[in-house]
Amino acid sequence: MKMKMFGPKSLSVYLFYISRIASIAIGLFLMFILFSFITDNFELVDNRFEINIPFTETYIKGFYEVKIITTIALTLTFYVLFFYFLSIIFKTFKAETLFTIAAIRQLNNFALYNLIGSPFAFILIHIFIMKHPNLRDIPTYLLHLLLGVFILFIVTVFKKGYKVQSENDLTI
Amino acid sequence: MPIIVNLDVMLARRKMKSKDLAETIGITTANLSILKSGKAKAIRFSTLEAICMALDCQPSDLLEYQE
């Protein structure tokens, strides 16, 4: 079965909804954690907090320290925005016309978010907040950098595609 | 653009409306308007042939080069 990648009734439509739902879900999860701390909806055992996740039999656990809670909040915020930007890209991909100025702009924004946001988040979390002595978790951030570079290549392709499409549209 | 499309002149000579020409040659009035206004980047030979047939003219009647 051949599935269209772009345009209406394509894979991009499903990926738009999946990434948008992921963004909203992570956002709600973040709100739930913060709300739990604000309303004391957690257990404190040996300086470790435990927040029960409703409708599941799992907990969020961690040391009850400001830096841990801040790190959790920042990481989740990073991924709320990551999936939101990704959903906007799939939204442009599901449009009738693929090569548009809006698509190029959104791809560029997503690339910059990965190229700048990722190292910024890494430096902020691991060096300033957690003060880790080693480069732990760096592979995740390197993957984001790699993704950002790859998206920049896609931006170049889209710019060329837009130019060719415009000329074709103006070929009578 | 140095290439001028003298479509309006030929339409006036043949007493034909743009809308009728567009319908005859099978392109939209919007595209015909792009052609008339000089915004077109290129014209297909098939389109040029269809216009010449509809207006009973030569390509040189339609296209003019100005520096």
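In what follows, chains are A, B, ... by sequence order, proteins preceding strands, each numbered from 1.
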Can you confirm whether A:F32 is buried at CZ, in the sense that more than 12 heavy atoms of other residues, nucleotides or ligands lie under 6.0 Å from that atom?
yes
Under a single-linkage definition using a 4.5 Å side-chain heavy-atom cutoff for Ile, Leu, Val, Met, Phe, Trp and Tyr, are A:L115 and A:L146 assigned to the same hydrophobic cluster?
no
Do B:L7 and B:M53 sit in one hydrophobic cluster, given that two such residues count as connected whenever their side-chain heavy atoms are within less than 4.5 Å of each other, even indirectly?
no
Relative to chain A, which of B:L32, B:I43, B:L48 shows the most heavy atom pairs under 4.5 Å?
B:I43
Take a 6.0 Å sphere around NZ of A:K4 and say whether it holds more than 12 heavy atoms from other residues, nucleotides or ligands.
yes
Table up the donor-acceptor pairs between chain A and chain B that sit under 3.5 Å, atom names plus distance.
from: A:L170; atom 1: O; to: B:K41; atom 2: N; distance (Å): 2.7
from: A:L170; atom 1: O; to: B:A42; atom 2: N; distance (Å): 3.4
from: A:T171; atom 1: O; to: B:R44; atom 2: NH1; distance (Å): 3.1
from: A:I172; atom 1: N; to: B:A42; atom 2: O; distance (Å): 2.9
from: A:I172; atom 1: O; to: B:R44; atom 2: N; distance (Å): 2.9
from: A:I172; atom 1: O; to: B:T47; atom 2: OG1; distance (Å): 3.1

Is it the case that over 12 heavy atoms from other parts of the model lie below 6.0 angstrom from the CE atom of B:M16?
yes
Contacts of A:Y79 meeting side-chain hydrogen bond (donor to acceptor under 3.5 Å, both in side chains) (sequence neighbours excluded), chain-then-number -> A:H144
